[in-house]
Trainee: 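The structure under discussion is supplied below as structure tokens; questions concerning it will follow.
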Amino acid sequence: LRAHLRVNGNAPGRLAMRLLSRLGSVMKLSLVPVADQEGRSYGFVAIRDPEYWDLGPDDRDAGETALSTAVREAAGTRKILIVPGNLNRSKGLDFVRDVFCGDALLIGAVLPVLCGPVERDGEPAVTNLRAAGAFVEARYLERPELMSLYRAADGAWCCYPPERDMSSGI
């Protein structure tokens, strides 16, 4: 069971989370407050989004690709953290840079893997991360490559910047 409840951490939200956790069929549920222009709340929108809803059997059984092999070799004994998708500031790329650049202990323990097309506003952060030791594959990935990276990864970066005010689509 995985549930996500966004109700500003209040008591009704905590109660709702406890109740939802007892539903065996709920894999992921988002309850988002809806407000008018003045900020007055007038309800919630519920979104059910089971994890891996878009994956087929071939995706779940993805094998190694040349890319995932190269990433595993580059990582050595380090953990692998993938940053998939278009690489830009709105995906939190500056935050990735701030976390990893200049922290020799962290970059020695975790290999950031930037995998996707680099947009213009992401170029400075990608340059800094590459210089710090990140693995960069700056191109669109074919589906088998992406699935193989998910299998190789110990984690995926899913942290958008606060001004974007949304959860990840990953």
Trainee: When rounded to the nearest 0.5 angstrom, what distance separates CG in L129 from SG in C101?
Mentor: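 With rounding to 0.5 Å, CG (L129) is 4.5 Å from SG (C101).
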Trainee: For V126 and L114, run side chain to side chain contact (heavy atoms under 4.5 Å, CB included): C-alpha distance rounded to whole Å, both residues' side-chain angles, the deciding distance at 0.1 Å, then the answer.
Mentor: CA-CA 8 Å; V126 169; L114 311 176; 4.2 Å; yes
Trainee: Are side-chain N/O atoms of E64 and S148 paired as donor and acceptor at under 3.5 Å?
Mentor: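 Distance-only check fails for E64 and S148.
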Trainee: What distance separates L149 CG from R72 CZ, expressed to the nearest 0.5 Å?
Mentor: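 The CZ atom of R72 is 9.0 Å from CG of L149, to the nearest 0.5 Å.
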Trainee: Do the side chains of E137 and R139 get close enough for a salt bridge, i.e. N-O under 4.0 angstrom?
Mentor: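 Answer for the salt bridge query: yes.
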Trainee: CG of L111 to CZ of R78: how many Å apart, nearest 0.5 Å?
Mentor: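 CZ of R78 is found 4.5 Å from CG of L111.
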Trainee: Testing the basics here: between P84 and W157, what is the closest heavy-atom pair and its distance to 0.1 Å?
Mentor: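 Residues P84 and W157, closest heavy atoms: CD-O, 4.5 Å.
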Trainee: Should R89 and D94 count as an ion pair when the cut-off is N to O under 4.0 Å?
Mentor: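 Here R89 pairs with D94 in a salt bridge, since their nearest N and O are under 4.0 Å apart.
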Trainee: Can you measure from OH (Y140) to CG (N86) and round to the nearest 0.5 angstrom?
Mentor: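 That separation rounds to 10.0 Å.
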Trainee: T65 and P144: which non-hydrogen atoms are nearest, and at how many Å?
Mentor: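 Scanning both residues, the minimum pair turns out to be CG2-O, 3.6 Å.
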Trainee: Nearest 0.5 Å please: distance from the CD atom of E123 over to the CG atom of L87.
Mentor: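 One finds 10.5 Å between CD of E123 and CG of L87.
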Trainee: Between F100 and I107, which heavy-atom pair has the shortest distance, and what is it?
Mentor: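 Heavy atoms of F100 and I107 come nearest at CD2-CD1, 3.9 Å.
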Trainee: Of the non-hydrogen atoms in A152 and I80, which two are nearest, and what is the gap between them?
Mentor: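 Distance-wise, the nearest heavy atoms are O-CD1, 3.6 Å.
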Trainee: Taking the side chain as every heavy atom from C-beta outward, state whether V99 and L106 have any pair of such atoms under 4.5 Å apart.
Mentor: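 They are in side-chain contact.
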Trainee: Between G122 and L93, which heavy-atom pair has the shortest distance, and what is it?
Mentor: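 In terms of heavy atoms, the two residues are closest at O-CD2, 3.6 Å.
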Trainee: Atom OG in S68, atom CD1 in I82: separation rounded to 0.5 Å?
Mentor: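 Nearest 0.5 Å value for the OG-CD1 distance: 11.0 Å.
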